[in-house]
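Written out below as C-alpha cells is the structure these notes cover.
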Amino acid sequence: MSDPELGFSTRSIHAGQDFDVTTGAVVPPIYMTSTFVQDGVGGLRSGYEYSRGGNPTRDSLQQLLASLEGGLSAYSFASGLAAEDALLRAILTPGDHILMGNDVYGGTHRLVSRVFAPWGVSTSTVEMSDLDAVRAAIRPGVTRVLWIETPSNPLMKISDIAALAAIGHETGAIVVVDNTFASPYLQQPLSLGADVVVHSTTKYLGGHSDVLGGAVIVNSQELADKVGFVQFGAGAVSGPMDAWLTVRGIKTLAVRLDRHSSNAQAIAERLHGHPKLVNVYYPGLPHHPGHELAATQMKSFGGMISVSLVGGAPAARKFAESTSIFQLAESLGGVESLIGYPSEMTHASVRGTALEVPDNVVRLSVGIEDEADLVADVLSALARV
Ligand SMILES: *Cc1c(COP(=O)(O)O)cnc(C)c1O
C-alpha cells in the first residue's frame, strides 16, 4: 500500500506495513534476529541473509519513509548524524566542497568540520535564504553538496528549496535538504527538486522522545546504490526495535503535526509584541521574512518557535529555567513541550564560530498538550524574568 495516489495519512499508516501473512497479526512483528536460516547454501527466504544487510522491520520503516517523502528508496540509520555521515561518505571524495547554511544544526557542522575536514573535504557556510549570496559562494564543479535546512535551527529562517535546487544543479552539486524540522507532512523537498532528504527521525517522525534514528531518502538509482552500499558496508543501521518504534510514531505524524502547528501558532501570536521579547521567530507570523515563502513550500508552519529576550543572556536563561510544562531539555519534535537555551545546549559546539547563536535566544519545541496550558506556562515564565 505505497500507492502514491493514496493520501498522506493513509500512507503513514499503511505503506510498508502489510499484515503478517502467517498469523494475520495486523501489526507486522519486530524481527529481533541478527541472521536468517538458509534453505541450502545461498537459499535465502525473501532475500534476507544477515540483519546488517537487511531486516524486515527496517525494510518496513524504509518503505514507509520512501513513500512519505515521495522518494525512490530510503535508508534508516541509528541516528540522524549516522544517516548524514553515511550520505556524505557515499557521495564525497577528498577535494570536494560542501556549502551549507550559516545556521545549520550544530551537530551537522561538527560532523563536516571535525570528522570530514581531516579527510580532505572542505566546508563553507552562507546565508542560505539569500540566493545571490549562495550563487556567489557556490564553487562550480567543486561544491559537490549544497546542504539546506529549512526552517533552520534555531532562528527559523526559510530557504527557497526549488530555487536553491536549480542553482545547485546548474553548478553540478547534489542538493540535500535536512527535513527534520518540517517532516514530510509539512514539506516534501524531493518534489521541489532536491536530490536527497535527510532526517533525524529522533524528532517529529518518532515523535515521542523515546528513540534515536536517522534516514536518507533519495530519488535516483545511482544515489540509492551508493547510500545502500555505505549502509551495508559501514553498518550504522537502525536496530529492529528502534525501527519499529519509529514506524509506530509515524502512524500519527499528520495529526500530531496539525496540533504542533496550531499550538505553536497560538503561542507565537500571543508572544509577538511582548515587552520582554525583542523578537519572535516563527514563520507563521506575517512579519517573519520567510512567511510568504513558507506558505508556498510548507503545508503549515510547524511546532518550533524561538524568541530573543530584551534582558539578554541572564533573562534568556531565567526564562528557560522558569517554565513548568515546557521541560528544559535538548531535542524537539516529541508530544511533550521542551524548552532549550541553544547557545549552551544544542548549539554549544558552534560557540565562537560564525554559526554561533545569539545568547539571548531561547527555543521552544511546542508539544501537543492543551493550547491554553502552554500559553499560560510561557507567559508566567516570562513574568518571572
Ligand atoms: C537532531 C538533529 C539532527 C541530528 O540527529 P540525531 O538523531 O540527534 O543524530 C540533524 N539535523 C537536525 C535538524 C536535528 O534537529
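Counting starts at 1 for both ligands and their atoms, in listed order. Heads up: numbering here begins at 1 and tracks the sequence.
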Original post:
Where is the nearest protein heavy atom to atom 10 (C) of ligand 1: which residue, which atom, and how far?
Top reply: E84 OE2, 3.3 Å
Original post:
Does one side chain, of Q221 or D225, offer a donor that lies under 3.5 Å from an acceptor on the other?
Top reply: yes
Original post:
From S200 OG over to L212 CG, what is the distance, rounded to the nearest 0.5 angstrom?
Top reply: 7.5 Å
**OP:** Answer with yes or no whether H199 contacts ligand 1, where contact means a heavy atom under 4.0 Å from a ligand atom.
**Re:** no
Subject >> Atoms in ligand 1 with a heavy atom of T202 nearer than 4.0 Å >> reply: 7 (O)
Subject >> atom 6 (P) of ligand 1 - nearest protein heavy atom and its distance >> reply: G80 N, 3.3 Å
Original post:
Under a heavy-atom criterion of less than 4.0 Å, does G213 contact ligand 1?
Top reply: yes
Original post:
Would you say ligand 1 has an N or O under 3.5 Å from any N or O of K203?
Top reply: yes
Original post:
Is atom CD of E336 surrounded by more than 12 heavy atoms (other residues, nucleotides or ligands) closer than 6.0 Å?
Top reply: yes
**OP:** Output the distance between atom CD (Q327) and atom OG (S365), rounded to the nearest 0.5 Å.
**Re:** 11.0 Å
Original post:
For ligand 1, is there an N or O atom under 3.5 Å from any N or O atom of F181?
Top reply: no
Original post:
Please state which protein non-hydrogen atom is closest to atom 4 (C) of ligand 1 and give its distance, to 0.1 Å?
Top reply: Y105 CE2, 3.4 Å
Subject >> Atom pair OG1 (T57) and CD (Q62), whose distance is rounded to the nearest 0.5 Å >> reply: 11.0 Å
**OP:** May I ask you to identify the nearest protein heavy atom to atom 13 (C) of ligand 1, giving residue, atom name and distance to one decimal place in Å?
**Re:** D178 OD2, 3.3 Å
Subject >> Chi angles and distances behind the salt bridge (charged side-chain N to carboxylate O under 4.0 Å, His left out) call for D370, R259 >> reply: CA-CA 9 Å; D370 286 294; R259 181 70 164 258; 3.8 Å; yes
Original post:
Mind checking whether F301 and H288 have ring centres under 6.0 Å apart?
Top reply: no
**OP:** Give the numbers and elements of all ligand 1 atoms closer than 4.0 Å to a heavy atom of S200.
**Re:** 1 (C), 2 (C), 3 (C), 4 (C), 5 (O), 6 (P), 7 (O)
**OP:** Could you please spell out the steps behind the side-chain hydrogen bond (donor to acceptor under 3.5 Å, both in side chains) verdict for D195 and H169?
**Re:** CA-CA 9 Å; D195 302 301; H169 291 154; 2.8 Å; yes
**OP:** Of the side chain and backbone of L81, name the one, both, or neither that has a heavy atom under 4.0 Å from an atom of ligand 1.
**Re:** both
